[in-house]
Amino acid sequence: MEITPLEMTPVKMSAHSHIGEKVEEPVKSFGEFVADALKKTNELELESERLNAAMAAGRIEDVSQVVVASQKAEIALQLTLQLRNRATAAYQEIMRMQV
């Protein structure tokens, strides 16, 4: 019986080539995941600011677009802050450990 590993990350760990051999795909590091998340959060913030400026100038008729973009940016920022807080708390806990 073959046992397959659980896939708990969105990155697939291996692939099959056209010959049937397994080819290892490059796996993103934790730092790359964090950098991508920060870039996405920044993009959402900039989009929200752009829509707010367009609404203030009177170029947007549907206010719901602005509200949705603003909420997306706020939720992404809150998630980023919580991740930072958890990482800081974990670091502090490790530093308190006695060897």
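As a basis for the values below, the full set of heavy atoms in this structure was taken, side chains included, without hydrogen atoms, waters or symmetry mates. Worth saying up front: this structure is predicted, and the values here are computed from it rather than measured.
Scanning both residues, V63 and M55, for their nearest heavy atoms gives CG1-SD, 4.1 Å. Across Q65 and L51, no two heavy atoms sit closer than the pair O-CD1, 3.9 Å. S48 and A69 make their closest contact through CB-O, 3.9 Å (heavy atoms, listed as atom of the first residue, atom of the second, distance).
Sorted by first and then second residue, the side chain to side chain donor-acceptor pair (under 3.5 Å) pairs with a member in residues 67-88 read T41-T80; sequence neighbours excluded.
With rounding to the nearest 0.5 angstrom, the CE atom of M95 is 11.5 Å from the CD atom of E93.
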### Message
Please determine whether side chain to side chain contact (heavy atoms under 4.5 Å, CB included) holds for the pair R50 and E47, giving the CA-CA distance in whole Å, both sets of side-chain angles, and the decisive distance to 0.1 Å.
### Response
CA-CA 5 Å; R50 186 185 66 77; E47 177 67 14; 2.6 Å; yes
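With hydrophobic clusters built from ILVMFWY side chains whose heavy atoms lie under 4.5 angstrom apart, L83 does not share a cluster with F33.
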